[in-house]
Amino acid sequence: MSAERTQVAIVGGGPAGLLLSHLLRARGIDSVVLEARPRERVETRQRAGILEHGTVDVLREIGAAGRMDRLGLPHDGFELRFDGRGVRVDMQELTGRNVMIWAQTEITKDLIALRLEQGEPLLFSAEVLAVEDVGTDAPRVRYRYEGVERELRADVVVGADGFHGVARAAIPASRVTTYERVYPYSWLGILADVAPSSHELIYARGARGFALASMRSPTVTRAYIQVPNGTDASSWSDDAIWDELADRFALDDGSFTLARGPITDKSVTAMRSFVGAPMRHGRLFLAGDAAHIVPPTGAKGLNLAVADVRLLAEALGEWYASKDEALLDAYSGTALRRVWRASHFSWTMTTMLHRDPGADPFDEQLALSHLRLIESSDSERRTIAENYRGLALGGA
Ligand code: PHB
C-alpha cells in the first residue's frame, strides 16, 4: 500500500471540497481532494443555481468568477404566486443586496479547471474506503485509486462527500444527534431549450401544488413541479408537464403566458431536511451535504456548503498560523446556527408553497395566511428577502 501525506485531506470534490481546497491554497495550506466519481459525472450533475452575495464574493476572491461575471444573471427580486395573483419580493430594495443565477454545475467546472491549472492534487474516481484515527492527531484516509489501495495521512480530514458519503460514518453514532424531516412530495425538474417565461423566478402555490419557474441562461428554462413521492420522471409526457406548469402559474387576469419548448432533461428530486450535530469529531470536520440537507425551495444547499468551508478555511488558517484552536473549536456551533436558520427558512418556503396530501384545511389556511402577510407587510417581505439573499457569515 502506498502512503502519502498532506496537511488537509478533503474527502469529496463537489463545490464544498473544491472551494475549500482553493481557500486553503490562498492561505498557503496544502490539501489533497479525493472524489469518488469520474470528472464528467461531477461536472454534469444538475443542482440549484441561486448564489447569495456572500457566495458570489468568495468565488471572486479566489479568482473563479470570470465566467460567472460574464454569463451569470443578477436578480434583484423574485415572485411568489398564489390564489391567481403574484407578489414581488424586491430583495435589492428591501435589503440592498441581490442574488446571482449561476448553476452549481458551472461553478464546479470552474473550480476543477482552476485546481488542475494550478497543478494541485485533485483525484477523480478515487473511492474513499474509510476515514480512520480521527480521534488522534494523525488521521488517515484509506482509498482506492487506479485499482490500488492507498493511504493519505493528514493533520485534519474534511468530509465534504455529500449526504451518502463515508466521512460522516467515521463519527461514532453515539456522538451525533440527527434531526430529520422527510417531506411528503418530490420535485419533477426539467431543462428546456426555450427562453424563460419570466425574467425573475416564480415560486407558485397552485391548485394542485407547487411549481417553480427558474432559468439557466437567457435561452434555457429550468422549471419544477411538485409530484408525489416515488414518481417516475418518464411517466410525465412533455405536454403534461407544460400543461401542469401553465395551470400552476396561471394568473386570474390572464396576463401570464408560459413559453414552451423542447425538454432536454427530466429528473425527480426527493425533499428532505437533515442536520447532524456536531459537525466535528476530533480531527474530522464535516462540511456541506455531508452534515446537513435542506429541501431545494429557497436554494440554500450550495450556499450553506460555501459558508461552511469559508468558516473552516478561516479556522484552519488561524490554527496553522498560530496554533490557536479557538476558531476550530467554534466551527461546528457557528456553522450550525446558520444551518438552522436556513433549515427554518427552507421549511417555511416549502410548507407554505406545497400542498401536503395529508394536510387538513387548517394547514391550508395557515399557508395562505402567511402568503397574504408577505403580500401586505413590508417587514414580513423584508424577512423573506433577507433570508433568501443570505445573512452575513457569522450573522445567523
Ligand atoms: C434552480 O434554478 O434549480 C432553482 C432555483 C431556485 C430554487 C431551487 C432551484 O429555490
Side-chain angles (χ1 to χ4, degrees), residues 14-15 44-53 55-56 68 71-82 86-89 91 98-108 183 185-206 209-227 233 241 245 248-249 259 263-273 289 293-306 341-354 371 374 384-390:
T44 52
R45 192 147 178 248
Q46 280 298 329
R47 304 300 295 272
I50 306 282
L51 310 187
E52 296 176 1
H53 61 90
T55 302
V56 168
M68 178 191 76
L71 302 169
L73 307 170
H75 278 202
D76 289 347
F78 61 92
E79 188 181 323
L80 296 172
R81 219 171 253 196
F82 66 105
V87 178
R88 180 161 187 263
V89 178
M91 286 175 284
N98 63 5
V99 297
M100 177 84 87
I101 307 272
W102 180 239
Q104 175 167 328
T105 350
E106 303 304 321
I107 295 176
T108 309
Y183 297 87
Y185 31 71
S186 301
W187 279 13
L188 169 61
I190 60 157
L191 278 173
D193 283 333
V194 57
S197 304
S198 156
H199 68 281
E200 289 183 343
L201 269 62
I202 309 170
Y203 292 82
R205 179 186 171 93
F210 173 79
L212 169 60
S214 182
M215 64 198 72
R216 285 294 174 268
S217 75
T219 57
V220 176
T221 288
R222 176 82 168 147
Y224 302 90
I225 48 173
Q226 174 187 342
V227 292
I241 293 171
L245 286 165
R248 295 186 190 187
F249 291 127
I263 294 179
T264 56
D265 186 74
K266 285 181 203 171
S267 61
V268 171
T269 314
M271 312 271 287
R272 180 199 292 270
S273 289
D289 287 2
I293 297 280
V294 289
T297 333
K300 287 293 159 205
L302 171 65
N303 293 295
L304 277 181
V306 168
R341 177 89 304 284
S343 297
H344 177 255
F345 176 66
S346 306
W347 173 87
T348 303
M349 290 283 280
T350 300
T351 53
M352 177 175 78
L353 292 164
H354 288 70
L371 284 160
I374 294 168
I384 295 287
E386 279 174 352
N387 279 273
Y388 194 90
R389 61 85 158 138

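Just so you know, ligand 1 is whichever comes first in the structure, and atom 1 is the first atom listed for that ligand. From a predicted model like this one, the values you see are computed outputs, not experimental measurements. Just so you know, these numbers use all the heavy atoms, side chains as well, and skip hydrogens, waters and symmetry mates.
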* Salt-bridge contact Asp289-Arg47 (side-chain N to carboxylate O under 4.0 Å) -> yes

* Between the side chains of Tyr224 and Arg222, is a donor N or O closer than 3.5 angstrom to an acceptor N or O? -> yes

Under 3.5 Å, which donor-acceptor pairs link side chains of residues 298-305 to any protein atom two or more places apart or in another chain?
from	atom 1	to	atom 2	distance (Å)
Lys300	NZ	Glu52	OE2	2.6
Lys300	NZ	Asn387	O	2.7
Lys300	NZ	Tyr388	O	2.8
Asn303	OD1	Glu52	N	2.9
Asn303	OD1	Thr55	OG1	2.6
Asn303	ND2	Ile50	O	2.9
Asn303	ND2	Ala299	O	2.9

* Asked: Please walk me through it: do Ser214 and Leu201 pass side-chain contact (heavy atoms from CB on, under 4.5 Å)?
  -> CA-CA 5 Å; Ser214 182; Leu201 269 62; 3.8 Å; yes

* Considering only heavy atoms, which protein residues lie less than 4.0 Å from any atom of ligand 1? -> Ala48, Gly49, Ile50, Trp187, Leu201, Tyr203, Leu212, Ser214, Arg216, Arg222, Tyr224, Pro296, Thr297, Gly298, Ala299

* To do: Check the angle between the aromatic planes of His354 and Trp187 and answer parallel, tilted or perpendicular using the 30° and 60° thresholds.
  => parallel

* Asked: For the residue pair Arg216 and Ala103, what are the closest heavy atoms and their distance?
  -> CD-CB, 3.6 Å

